[in-house]
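Taking it in order: structure first as structure tokens, then the write-up.
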Protein chains: 2
Amino acid sequence: MPKSLHQRAIEHVGSRIVDGSIPAGEVILAAELESELGVSRSVIREAVRVLASAGLVVSTKRVGIRVLGPEDWNPFDPLVIRWRLAGGGQGAQLRSLTELRVAVEPMAAELAAEHAPAEFCGELLNLAARMRHAGRSGDLGSFLELDIRFHAMVLAASGNEMFANLANPIAETLRGRTELGLMPERPHEEALAWHQAVADAISAHEPHLARESMELIMRRTNQEICGVWAHAPRLFPQPRA
Amino acid sequence: MPKSLHQRAIEHVGSRIVDGSIPAGEVILAAELESELGVSRSVIREAVRVLASAGLVVSTKRVGIRVLGPEDWNPFDPLVIRWRLAGGGQGAQLRSLTELRVAVEPMAAELAAEHAPAEFCGELLNLAARMRHAGRSGDLGSFLELDIRFHAMVLAASGNEMFANLANPIAETLRGRTELGLMPERPHEEALAWHQAVADAISAHEPHLARESMELIMRRTNQEICGVWAHAPRLFPQPRA
DNA sequence: GAGACTTCATGCCTGCACAGATTGGCGTCA
DNA sequence: TGACGCCAATCTGTGCAGGCATGAAGTCTC
């Protein structure tokens with residue numbers, strides 16, 4: 001599937017910046033990229049503009065396109081997240097996203113219990129039942145996809161569009177977790193019960209119970225993931241802004 | 001200060017989309033924008049590419065530049081957040097950001113207590129002391145700026161770059177809250193004590209205490225903000241993805 | 001209703017002029 | 001001699017104008 005030249009240019013440069021192939025501080029010239037990719041100026045210029053909007057580069061006259069470091073990247077940019085998950089900084093990205101999940105999902109469950117429309121409640125109950133079935137029969141592939149849809153549904157049901165927007169990176173987190181073999185052979189019976197409890201509490205409009213049930217899930221998630229990547233270096237910006 | 005034509009084009013089109021002047025579904029032509037802004041194609045094309053990366057538009061051959069609706073916007077894009085805060089959707093944006101704060105900041109405080117380098121602890125204690133002084137003397141302007149720096153410092157001290165990146169929108173949230181007169185005449189003595197407790201707990205490396213103290217702050221914040229904007233409509237995407 | 005044809009806006013390319021930041025040379029002065 | 005300040009050359013992104021290619025939408029025919 002040959003995408004547009006524009007997208008390929010973004011991909012080519014952006015992925016190399018995020019995986020460290022092009023170090024921060026490096027200065028590249030638009031003309032270099034033109035000949036390197038065999039495309040014209042307009043393609044390069046438009047791609048650079050998009051990369052600049054993600055904080056990956058700044059372009060200044062007479063000097064060129066300066067590559068910025070991780071402290072300047074927009075960590076919520078979907079492209080940045082994807083490139084980080086694909087490359088070497090995978091562990092740090094998974095840990096960051098998991099910490100975000102642990103913070104956000106209990107709140108999302110609480111809000112969902114207050115505001116979720118009926119369709120979402122029905123779908124949540126449906127998903128919880130199917131998760132139990134898939135989990136008990138050991139169908140890990142189906143379980144993963146149902147798990148993804150369950151958590152995306154809770155985030156959407158919160159009615160907070162920022163929460164809902166985290167569904168995609170969180171889905172990638174869940175996929176990454178299973179790909180790396182951080183999941184148990186088959187889901188714990190407790191986990192199945194907790195998901196059911198979340199769906200029940202949201203459907204019954206019990207915010208406090210929904211939050212607590214989701215916190216149980218997140219507590220285990222946090223142990224599973226953040227323990228593994230605890231050694232990965234943390235990024236601290238300059239204290240003085 | 002006349003910015004670059006590129007930035008002005010982004011601003012012109014993007015702000016009109018977010019504030020609803022250009023409704024979702026509308027199709028605009030690049031040629032229209034050229035004559036409307038009196039700039040050349042390259043400027044328009046580069047601007048459209050950036051707007052497309054934020055999910056505001058999609059451009060397809062033979063049809064033009066189609067404006068997308070709020071459900072497709074990237075709610076974490078700094079430009080989108082700024083435009084939403086500037087326009088009519090201000091209330092919903094403030095509520096969303098506040099809910100995000102309430103979820104994230106206790107977790108950030110917990111992580112900060114585990115990982116924060118010494119410089120951050122010193123600065124936090126310093127800021128807490130100055131906040132108390134400014135708060136008791138009724139200097140609300142200074143208090144606001146110190147409050148912003150305090151919360152930004154906690155987020156940075158968590159060592160999670162996604163949390164740290166929320167400092168700017170959260171700062172705007174705090175400014176918006178005071179501009180709209182949602183703050184008390186002078187800060188409550190309790191609030192001053194809670195901020196001090198957060199700084200103390202982080203400095204003493206007591207994660208649980210840091211989280212609980214921050215939760216006290218957030219609980220009040222949530223009451224102050226989300227109560228006011230409770231009526232604003234919530235955005236629910238389609239349950240079926 | 002299926003397929004071929006026309007249409008038309010974006011995709012992509014190229015040449016040119018301009019603006020502004022860096023660099024280095026030049027002259028001045030201590 | 002050496003350090004400083006000014007100015008001009010230079011280099012690179014910014015913006016402009018125009019061209020052809022592409023492919024999706026609509027139309028027409030069978």
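Chain letters run A, B, ... following the sequence lines, proteins first, then strands; residues in each count from 1.
Residue B/Val39 is classed as a sugar-phosphate contact, given heavy-atom separations below 4.0 Å to backbone atoms only. Within 4.0 Å (heavy atoms only), A/Ser59 reaches sugar-phosphate atoms of the nucleic acid but no base atom.
Taking only side-chain atoms of B/Lys61, from C-beta outward, the nucleotide of D/dG15, D/dT22, C/dC13 with the closest atom is D/dT22. Taking every side-chain heavy atom of B/Arg62 into account, C/dC8 is the closest of D/dC16, C/dG15, C/dC8.
To the nearest angstrom, C1' of C/dG11 lies 7 Å from CZ of B/Arg49. Atom C1' of nucleotide C/dG11 and atom CG of A/Leu5 are separated by 8 Å, given to the nearest angstrom. In this entry the distance linking CG of A/Leu29 with P of D/dT10 reads 18 Å, nearest Å. A straight line from NZ of B/Lys3 to P of D/dG15 spans 13 Å, rounded to a whole angstrom. Here C/dC13 presents its C1' atom at 15 Å from CG of A/Leu37, a figure rounded to the nearest Å. Rounded to whole Å, the distance from CD1 on B/Ile44 to C1' on D/dA17 is 15 Å. Between the CZ atom of B/Arg66 and the P atom of C/dT10 there is a distance of 12 Å, given to the nearest Å. Residue A/Ile10 contributes atom CD1, which lies 14 Å from atom C1' of C/dG11 at whole-angstrom precision.
In summary, the side chains of B/Glu161 and A/Ser96 do present a donor paired with an acceptor at a separation below 3.5 Å, with no hydrogens or angles considered.
Residues A/Leu111 and A/Met107 are in side-chain contact: their nearest non-hydrogen atoms beyond the backbone lie under 4.5 Å apart. Side-chain contact between A/Arg84 and A/Val80 is present, with heavy atoms from C-beta onward closer than 4.5 Å.
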Would you sort out whether A/Glu105 and A/Thr221 count as a side chain to side chain contact (heavy atoms under 4.5 Å, CB included), showing the intermediate values?
CA-CA 11 Å; A/Glu105 292 208 39; A/Thr221 298; over 6 Å; no
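Residues satisfying the side-chain hydrogen bond (donor to acceptor under 3.5 Å, both in side chains) test with A/Asp139, not counting sequence neighbours, are A/Ser142.
Comparing A/Val63 and A/Arg41 by the nucleotide of DNA chain C that holds the closest heavy atom to each, the one mapping nearer the 5' end is A/Arg41.
Below the 3.5 angstrom threshold, one finds no donor paired with an acceptor across the side chain of A/Arg45 and the base of D/dG13.
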